[in-house]
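Scope of the values below: all heavy atoms of this structure, side chains included, with no hydrogens, waters or symmetry mates. Just so we're on the same page: letters track the sequence lines, and every chain starts at 1.
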Amino acid sequence: MSYSLSEGAVEIIMSGGEYDGPVIQVLGHKKIQSRGEDRIRLIVSDGKHSHSLALLNSQLNNKVFSGELSNYSVIKVDKYFISSVQKKEEKRVMVILNLTIIAPGAEVGKKLGDPIQWSEDMTSPSYASTTKAEPKPVPTPMSNLSKTTAGINLNSSVLSSQMTHPIASLSPYQNKWVIKARVMNKTAIRTWSNAKGEGKLFSMDLCDESGEIRATAFKNECDKFYDMIQIDKVYYISRCQLKTANKQYTTLKNDYEMTFTADTVVSECMEESNSVPSIKYDFMPISDIADKGPDTILDVIGVCKSASDIQELTAKSTGKLLKKREATLVDSSGGAITLTLWGAEAEKFDGSSNPVVAVKGARLAEFNGSKSLSCLASTIVRVQPDVEEAHRLRGWYDNGGDSMAMVHISARVGQGGGNAEWMTFAEAEERRLGTGDKADYFSLLGVLTFTFADNAVYKACPQEQCNKKLVDQQNGLYRCEKCNREYPNYKYRLLLGATVSDPTGDQRVTAFNESAEVMLGRSAEEVGRLSDYDKAEYGQLLDHVKFKTFVFKFRTKIETYSDEAKLKTVVMSAQPVDYRDANARLVKSIKALSGVEV
DNA sequence: CCCCCCCC
């Protein structure tokens, strides 16, 4: 068995060129300490040259500890970057991010070829001309920086020709570095005032291939850099102060954070920087969120099916005036969830064109048994992001996904009724529910067996709290008798008559806006538009929801209309079935009925 | 040097 190594790759890579997926042999390894962390240094060979300054990304350490990556192994380096370390002089280091083991050491069993040790001064000009080599790094990266003025360097060529340092390598103990990083997120300018003084600041989240870090600019630096720093752009940044990050306040994966100082130099990277990754999302299908606990921090991507207007409220605890907007996101998992946006983010958000929205680091909140996502200050929200999942979702939504029935994870649960025992219609009748002076409430697992399509949606008063049906004045205006006013606009609201059945009987019920939206799987706005502009589709929608099963909570009370006493039953909430819960209830009643443990 | 991240 012979193994072919990428002869000459070490030389090309170490002299600044690019070599795609070099196949090299591991000749030895050594454990070193870096910032209190174990790092593995590999001695590698391409058959022609060996090189002892190959660092293994710490995530790969286990491959060595487990023996998987033993000496003489032949590996393909799938991903690497070149960094530099300062000892007595600048030294280039190859950091291996990803590798594939082509042949284990035991199988190879010997050193391949007769490699000689490579060193910096072996760099020959011939390689630079035959490869896509970048300009050779200047030996003293910081020497040029003093020539910049005001810290903002508009000509990136000075910095771009230099070697940059991986973010993961930054520490307070070393201040001669330049990073090449993408801005993932930038906060608004915030002011503070406390016993220690006052000021203003903004912060940004930066990332490169090696990791991420938060940087904050205070006062002067806040003014100086705020406009320049733009989300998604790549910058060369140097001369910041590093300090230990308070883990309490950050979700970024870095032990340190940076503070801009008067000496900080920032320069936009003008060339294509595909090597600097953009935000790394870890999207969770919306329907999976139902199983997650409160305070889970997660990423989602979905189409904004609807969004509320801005609501203003006063925080009880702080007395602060808050602005929020709720957007409903849906994805192809068939889940829907409410995302709450706050402050300026809420104000600028426009969901009217059903954009794809990507969210990184939102927090799962639970209120009255209903789950929703809430944005934190650190949450990144991107509207119409240029990522594959966004394009896929766009295609899905525009080609029928929009009419898919959704399980709304944030569906309201009747107050306090979440754990009420379920009843059947027969049991409700037996107990004469609704026949007393006060209304009775009960929950039931039932099937929607009929929907009354006539007048299921109406044009309601646009005022926040008034949901009165408007009178069409036939002149473009609508009159609200309750407000005694005419409006040019209106909001749609649902008032759905339906029949719910269970194995023991059925009941004519009425569902108002929120519960009807859950039952129809559409917003009142959408149903209204269909009713006015696409009667066929409207009819289909009302037809297709038949035989869907929900957990209903009813309010029932006997009422007399023209001498006839009838049970008036209102749907307080309709929830998609949580089958785990449903089965547990079933098992419980089987036990109770049979006296047998199951 | 901030560090609040909310409400029904």
Side-chain angles (χ1 to χ4, degrees), chain A residues 172 185-205 213-226 229 240-252 254-264 294-298 307-328 337-347 349 359-381 408 410-418 464-465 513-515 572-573:
Chain A
N185 201 22
K186 163 181 146 175
T187 69
I189 292 179
R190 193 171 72 239
T191 57
W192 82 88
S193 174
N194 59 28
K196 289 179 205 161
E198 55 186 50
K200 56 178 161 179
L201 70 118
F202 81 97
S203 62
M204 70 207 90
D205 298 336
I213 194 163
R214 182 162 74 169
T216 306
F218 292 95
K219 297 175 184 173
N220 287 343
E221 289 73 57
C222 173
D223 288 337
K224 189 156 126 186
F225 292 107
Y226 187 77
I229 298 290
C240 295
Q241 187 187 91
L242 274 120
K243 60 172 189 174
T244 306
N246 188 338
K247 286 284 172 190
Q248 193 185 336
Y249 302 123
T250 173
T251 49
L252 289 192
N254 201 314
D255 292 341
Y256 304 110
E257 59 184 26
M258 322 200 306
T259 303
F260 279 24
T261 72
D263 296 329
T264 294
D295 296 336
T296 306
I297 302 288
L298 49 91
S308 74
D309 289 334
I310 289 275
Q311 286 163 264
E312 290 195 355
L313 49 108
T314 311
K316 260 187 198 157
S317 49
T318 58
K320 249 202 307 203
L321 186 68
L322 305 171
K323 283 181 183 168
K324 73 159 184 178
R325 191 195 296 274
E326 289 180 342
T328 301
I337 195 161
T338 301
L339 173 74
T340 307
L341 301 149
W342 299 95
E345 193 133 55
E347 287 186 88
F349 185 84
V359 187
K360 183 180 166 68
R363 189 169 68 185
L364 187 58
E366 196 170 346
F367 180 72
N368 277 351
S370 152
K371 283 172 179 164
S372 66
L373 292 172
S374 185
C375 288
L376 307 174
S378 54
T379 304
I380 302 175
V381 177
H408 204 308
S410 307
R412 294 270 173 212
V413 179
Q415 48 285 348
E464 183 81 24
Q465 295 307 326
N513 206 52
E514 287 71 20
S515 47
M572 302 303 293
S573 73

Is there side-chain contact between A/H408 and A/T328, with heavy atoms separated by less than 4.5 Å? yes

A/L376, nearest nucleotide to its side chain (from B/dC7, B/dC2, B/dC6): B/dC6

A/L322 side-chain proximity, nearest of B/dC2, B/dC6, B/dC7: B/dC6

Donor-acceptor pair (no angle test) under 3.5 Å: A/R190 side chain, B/dC3 base: no

Below the 4.0 Å mark, does B/dC1 have OP1 or OP2 next to a side-chain nitrogen or oxygen of A/N194? no

A/F202 CZ to B/dC1 P: how many Å, rounded? 17 Å

How close or far is atom P of B/dC8 from atom CD of A/E312, stated in whole angstroms? 14 Å

Rounded to whole angstrom units, what separation is found between the CD1 atom of A/I189 and the C1' atom of B/dC2? 14 Å

Testing B/dC1, B/dC7, B/dC6 for proximity to the side chain of A/R363, the answer is B/dC6

With side chain to side chain donor-acceptor pair (under 3.5 Å) as the test, pick out the partner of A/K200 among A/D223, A/T191, A/N220. A/D223

Here the pair of heavy atoms bringing A/N254 nearest to A/Y256 is OD1-N, 2.9 Å

side-chain N/O A/W342 vs B/dC6 OP1/OP2, d < 4.0 Å: no

At 4.0 Å (heavy atoms only), tell me whether A/R214 reaches a base, stays on the sugar-phosphate, or touches nothing. base

Tell me whether A/F367 and B/dC8 count as stacked here, given that the ring centres must be under 5.5 Å apart and the planes must differ by less than 30 degrees. yes

Once you apply a heavy-atom cut-off of 4.0 Å, does A/E257 come out as touching a base, just sugar-phosphate, or nothing? base

Mark yes or no for a side-chain to base donor-acceptor pair under 3.5 Å between A/K324 and B/dC7, with no hydrogen or angle criteria applied. yes

May I ask you to evaluate whether A/K200 reaches the phosphate of B/dC2, defined as a side-chain N or O under 4.0 Å from OP1 or OP2? no

Starting at atom NZ of A/K243, determine the distance to atom P of B/dC3, rounded to an integer number of angstrom. 12 Å

Between P of B/dC7 and CG of A/D309, the distance in whole Å: 21 Å

A/K196 near the nucleic acid: base, sugar-phosphate alone, or nothing, with a heavy-atom cut-off under 4.0 Å? nothing

Nearest whole angstrom, please: distance from the C1' of B/dC6 to the CG of A/L364. 16 Å

Check the distance between B/dC4's C1' and A/L201's CG and give it to me in whole angstrom. 11 Å

Atom-to-atom span, CD of A/E326 to C1' of B/dC6 - whole angstrom: 13 Å

Around atom NZ of A/K247, are there more than 12 heavy atoms from other residues, nucleotides or ligands closer than 6.0 Å? yes

Which pair of heavy atoms, one from A/C240 and one from A/F260, lies closest together, and at what distance? SG-CD1, 3.6 Å

